[in-house]
Amino acid sequence: MNSFMCDKCGLCCQNIGGIASELDNGKGVCKFYDFQTKLCKIYDTRPDICNVEKGYVFFKDVMSYEEYIDLNYKLCKELKRRSL
């Protein structure tokens with residue numbers, strides 16, 4: 001079973017609009033995202049939806065773990081493509 005290897009680019013944290021409204025700063029960016037460090041200010045206590053490994057619980061009835069990890073990589077790649 002593979003795990004998701006995050007490169008900590010911060011693009012997912014800058015594109016949460018419609019995903020986690022309680023974390024949205026009103027501009028589609030997580031209110032806990034630090035633009036200077038490109039890191040999460042509450043990383044150790046972040047919600048499960050922000051943790052790819054723990055977030056699988058929300059999708060386990062819809063797809064396999066491998067499909068879920070693959071989808072996360074595809075979404076990550078798309079965010080990077082759009083940011084160019």
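No hydrogens, no waters, no symmetry mates; every other heavy atom, side chains included, goes into these values.
Using a 30° and 60° split on the angle between ring planes, Tyr56 and Tyr65 fall in the perpendicular class, above 60°.
Between Cys9 and Gln14, the shortest heavy-atom contact is O-NE2, 4.2 Å. Across all their heavy atoms, Leu23 and Cys50 have their closest contact at CD1-SG, 3.7 Å. When all heavy atoms are compared, the tightest approach of Asp24 to Gly17 is OD2-CA, 3.6 Å.
Between the CG atom of Leu79 and the CG atom of Asn15 there is a distance of 5.0 Å, given to the nearest 0.5 Å. Of the inter-residue distances, the one linking Arg81 atom CZ with Ser83 atom OG reads 9.5 Å to the nearest 0.5 angstrom. Summarising the geometry, atom NZ belonging to Lys60 is positioned 12.5 Å from atom OH belonging to Tyr68; distances are rounded to the nearest 0.5 Å. In this structure, the separation between CG on Asn51 and CG on Asp44 is 11.0 Å, given to the nearest 0.5 Å. Interatomic distance, Lys41 NZ to Cys30 SG, rounded to the nearest 0.5 Å: 9.0 Å. Here the CD-NZ distance, from Glu22 to Lys31, works out to 8.0 Å after rounding to the nearest 0.5 Å.
The backbone N or O of Tyr43 lies less than 3.5 Å from a partner atom in the side chain of Arg46, making a donor-acceptor pair. The backbone N or O of Leu11 sits nowhere less than 3.5 Å from a side-chain atom of Lys38 that would complete a donor-acceptor pair. Of the possible polar contacts, one joining the Tyr73 side chain to the Met5 backbone as a donor-acceptor pair under 3.5 Å is found.
The cluster map of Ile, Leu, Val, Met, Phe, Trp and Tyr, joined by side-chain heavy atoms under 4.5 Å apart, puts Ile19 and Ile42 in different clusters. Side-chain heavy atoms closer than 4.5 Å link hydrophobic residues (I, L, V, M, F, W, Y) into clusters, and following such links, even through other members, never connects Val29 to Phe32.
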Open item on the list: side-chain contact (heavy atoms from CB on, under 4.5 Å) for Phe59 and Leu71? Distances and angles first, verdict last.
Closed with: CA-CA 11 Å; Phe59 301 93; Leu71 181 59; over 6 Å; no
- [ ] Show your working on salt bridge (charged side-chain N to carboxylate O under 4.0 Å, His left out) between Arg82 and Glu78 and close with a plain yes or no.
- [x] CA-CA 6 Å; Arg82 289 183 188 183; Glu78 178 62 18; 3.0 Å; yes
Task: Tyr33 vs Asn25, side-chain contact (heavy atoms from CB on, under 4.5 Å): CA-CA, chis, key distance, verdict - done: CA-CA 10 Å; Tyr33 178 69; Asn25 70 359; over 6 Å; no
